[in-house]
A.B. asks: 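Handing you a structure now.
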Protein chains: 2
Amino acid sequence: MEQDVIATPASAPKGRPREFCVDQALAEALHVFWAKGYDGASMTDLTEAMGITKPSLYAAFGNKEALFHKALDLYEQEKLEYGRAALEQPTARKVAEYYLRGAIDVHGGTDDPKGCMGLISSLACSPEAESIKADVVRRRASSQRLLVERFERAKAEGDIPAHVDAEGLTSVLYALLQGITVQAGAGATHAELERLVDTSMTLWPSP
Amino acid sequence: MEQDVIATPASAPKGRPREFCVDQALAEALHVFWAKGYDGASMTDLTEAMGITKPSLYAAFGNKEALFHKALDLYEQEKLEYGRAALEQPTARKVAEYYLRGAIDVHGGTDDPKGCMGLISSLACSPEAESIKADVVRRRASSQRLLVERFERAKAEGDIPAHVDAEGLTSVLYALLQGITVQAGAGATHAELERLVDTSMTLWPSP
DNA sequence: CCTATTATATACCGACCGTTATGGAACAGG
DNA sequence: CCTGTTCCATAACGGTCGGTATATAATAGG
């Protein structure tokens with residue numbers, strides 16, 4: 001009691017040390033979930049990709065669902081970070097364009113799986129995956145709210161015409177984003193997606 | 001050989017007559033696939049909804065995949081028929097609006113499951129479902145081609161400005177459609193979807 | 001009535017699912 | 001060395017998956 005354990009920062013590991021890197025394993029799991037969705041990714045798929053056995057996975061991450069939520073955290077943090085940068089663009093037009101081109105980079109790239117992990121997982125509705133779906137929908141709603149606020153500000157700044165409905169415009173932009181990820185997942189080429197964005201930008205309201 | 005069997009129109013059924021209506025059973029199966037996707041719909045889900053046993057299902061439809069393709073045929077025929085009507089609208093703007101409002105009616109209604117059956121099934125990617133995905137993608141591409149041709153014609157008729165890319169515009173419209181079905185599946189209200197469409201129409205190019 | 005044919009009902013198949021019990025291996029402190 | 005703790009590896013658990021073998025019921029034609 002009086003030994004004054006000052007929360008040893010990297011606390012002394014007592015037992016046998018684990019033989020894999022948790023972060024790297026999580027990154028591999030993310031890749032599998034992204035490519036196959038929550039239901040489509042089996043424990044065997046996951047453990048093989050992560051290079052660990054099932055008991056190790058359960059000890060380190062809890063269970064499949066907990067692993068998914070952690071993977072989704074990583075996904076948002078690494079891959080959807082461009083959304084925060086987009087909000088800081090100087091004009092509403094640039095916000096939109098940043099969003100759309102960012103979506104092409106992330107969801108239409110060649111290194112990662114095609115399509116959007118959130119979208120894929122929010123549509124696969126096995127009964128047990130309801131909480132997964134709810135999680136994705138909740139995250140989407142909160143980021144959408146930020147976008148509405150950004151467009152409200154843009155209207156106040158005369159950045160987009162006053163008659164435009166900020167909430168409607170956000171829904172439109174989100175629909176375009178979702179369409180991009182759907183088409184990317186269906187095999188659309190980089191050029192086709194850029195054509196989509198180019199045309200979208202010609203439609204965007206001018207101040 | 002000489003009995004001159006003139007292809008008895010409703011040929012004489014020889015054995016025990018089936019006790020269910022194939023069309024009605026297929027309609028029930030469509031409902032299940034629509035709500036749960038290909039992978040999410042189990043044979044038990046299907047047989048219970050259809051009111052028949054598994055051997056009857058296999059005798060009448062082949063297997064799960066064949067049943068799905070027939071359900072998808074029915075879906076396109078009944079629910080996506082508005083797409084053909086849309087193409088016949090007099091102006092490109094009305095074509096687009098017909099498409100978008102039709103999508104709200106079909107995918108945001110209260111009688112049928114929310115969301116688009118094709119989209120749901122094209123994203124659930126179990127290994128065996130690759131042919132499902134390919135089928136959906138193929139059907140989508142062919143309907144998209146018709147839309148491009150319609151917009152080419154609209155350009156020729158001065159219906160949309162000459163500088164607009166018909167193919168890009170088609171991709172944009174399709175992205176909006178896909179976004180509508182995604183948001184409908186995620187629980188968006190009818191009013192929110194209409195707001196999305198209203199705003200989309202304010203962005204649509206004027207001749 | 002008998003046979004052939006087709007549909008139904010039950011029970012079952014092997015494979016895979018997510019999850020866990022079991023036993024041994026690798027470390028720290030005594 | 002011994003004990004306690006933590007991790008790895010194997011194998012197994014009950015359950016569900018899509019698909020079927022088997023036996024029985026219902027019709028048509030002879």
Side-chain angles (χ1 to χ4, degrees), chain A residues 3 5 8 10-26 28-29 32-33 36-71 121 124-132, chain B residues 3 5 8-26 29 32-33 36-71 121 124-132:
Chain A
Q3 51 192 349
V5 170
T8 17
S11 64
K14 272 191 299 190
R16 172 176 174 177
R18 72 160 43 99
E19 298 175 357
F20 64 95
C21 168
V22 175
D23 289 345
Q24 183 180 333
L26 183 58
E28 297 293 338
V32 175
F33 279 130
K36 303 194 162 196
Y38 179 72
D39 289 317
S42 72
M43 293 301 294
T44 305
D45 291 333
L46 291 164
T47 51
E48 282 180 358
M50 299 164 84
I52 64 178
T53 62
K54 286 194 258 186
S56 297
L57 189 155
Y58 276 82
F61 299 100
N63 59 11
K64 186 183 178 183
E65 182 171 343
L67 175 62
F68 179 84
H69 287 291
K70 284 170 185 164
S121 300
C125 351
S126 79
E128 77 234 351
E130 274 307 314
S131 80
I132 301 290
Chain B
Q3 51 192 350
V5 170
T8 17
S11 63
K14 270 192 299 188
R16 172 177 175 175
R18 72 161 41 99
E19 298 174 357
F20 64 94
C21 169
V22 175
D23 289 345
Q24 182 180 333
L26 182 60
V32 175
F33 278 131
K36 304 196 161 196
Y38 179 74
D39 288 318
S42 73
M43 293 302 294
T44 304
D45 292 333
L46 291 164
T47 51
E48 281 180 358
M50 299 165 84
I52 63 179
T53 61
K54 281 195 269 186
S56 296
L57 189 156
Y58 277 81
F61 299 100
N63 60 10
K64 186 185 179 183
E65 182 171 342
L67 175 62
F68 179 85
H69 286 293
K70 284 170 186 164
S121 301
C125 350
S126 78
E128 77 232 351
E130 273 308 312
S131 79
I132 301 290

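Basis for what follows: all heavy atoms, side chains included, without hydrogens, waters or symmetry-related copies. Chain identifiers are assigned alphabetically (A, B, ...) following the order of the sequence lines, protein sequences preceding nucleic acid strands; residue numbering begins at 1 within each chain.
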A.B. asks: State which residues pass side chain to side chain contact (heavy atoms under 4.5 Å, CB included) with F61(B); sequence neighbours excluded, sorted by chain then number.
C.D. replies: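 Result, side chain to side chain contact (heavy atoms under 4.5 Å, CB included) vs F61(B): V22(B), A25(B), L26(B), M50(B), L57(B), L67(B), K70(B).
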A.B. asks: Taking only nitrogen or oxygen atoms into account, show me every contact under 3.5 Å that the protein makes with nucleotides 8-11 of chain C, one pair per line with its distance.
C.D. replies:
| residue | atom | partner | partner atom | Å |
| --- | --- | --- | --- | --- |
| dT8(C) | OP1 | E19(B) | N | 2.7 |
| dT8(C) | OP2 | S56(B) | OG | 2.9 |

A.B. asks: Using a heavy-atom cut-off of 4.0 Å across all strands, would you classify A60(A) as base, sugar-phosphate, or nothing?
C.D. replies: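 No contact.
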A.B. asks: Could you state the atom-to-atom distance from NZ of K14(A) to P of dC2(D) in whole Å?
C.D. replies: 22 Å
A.B. asks: Once you round it to whole Å, what is the distance between C1' of dT20(C) and CG of L57(A)?
C.D. replies: 13 Å
A.B. asks: Return the NZ to OH distance between K64(A) and Y38(A), rounded to the nearest 0.5 Å.
C.D. replies: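 K64(A) atom NZ to Y38(A) atom OH measures 5.0 Å (nearest 0.5 Å).
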A.B. asks: Would you kindly give the NZ-to-P distance between K64(A) and dT20(C), to the nearest whole Å?
C.D. replies: 14 Å
A.B. asks: Nearest 0.5 Å, what's the OG1-CD distance between T47(A) and E28(A)?
C.D. replies: 12.0 Å
A.B. asks: Starting at atom OH of Y58(A), determine the distance to atom P of dA21(C), rounded to an integer number of angstrom.
C.D. replies: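 Taking atom P of dA21(C) as the reference, OH of Y58(A) is at 12 Å.
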A.B. asks: Taking for each residue the nucleotide of DNA chain C with the nearest heavy atom, is it G15(A) or A41(A) whose nucleotide lies nearer the 5' end?
C.D. replies: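 The 5'-side residue here is A41(A).
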A.B. asks: So which atom in G37(B) and which in S121(B) form the shortest heavy-atom distance, rounded to 0.1 Å?
C.D. replies: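 So the two residues come closest at CA-OG, 4.3 Å.
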A.B. asks: Between P on dG18(C) and CD on E65(A), what's the gap in Å once rounded to a whole number?
C.D. replies: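 To the nearest whole Å, that distance equals 13 Å.
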A.B. asks: What distance separates S131(B) OG from H69(B) NE2, expressed to the nearest 0.5 Å?
C.D. replies: 4.5 Å
A.B. asks: Kindly calculate the angle separating the two end axes of the helix from dC1(C)-dG30(D) to dG30(C)-dC1(D), each obtained from five base pairs, and round it to 10 degrees.
C.D. replies: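 Comparing the axis at each end, I get an angle of 10°.
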A.B. asks: Rounded off to whole Å, could you give me the CG-to-P distance for the L46(A) and dC17(C) pair?
C.D. replies: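 For the pair L46(A) CG and dC17(C) P, the rounded distance is 10 Å.
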A.B. asks: Looking at A41(A) and K36(A), what are the two nearest heavy atoms and their distance?
C.D. replies: N-CB, 3.9 Å
A.B. asks: Send over the distance from L67(A) CG to dT19(C) C1', rounded to a whole Å.
C.D. replies: 14 Å
A.B. asks: Can you give me the closest heavy-atom contact between V32(A) and A49(A), atom names plus distance?
C.D. replies: CG2-CB, 3.4 Å
A.B. asks: Over how many whole Å does the gap from F68(A) atom CZ to dT19(C) atom C1' extend?
C.D. replies: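 Interatomic distance, CZ of F68(A) to C1' of dT19(C): 19 Å.
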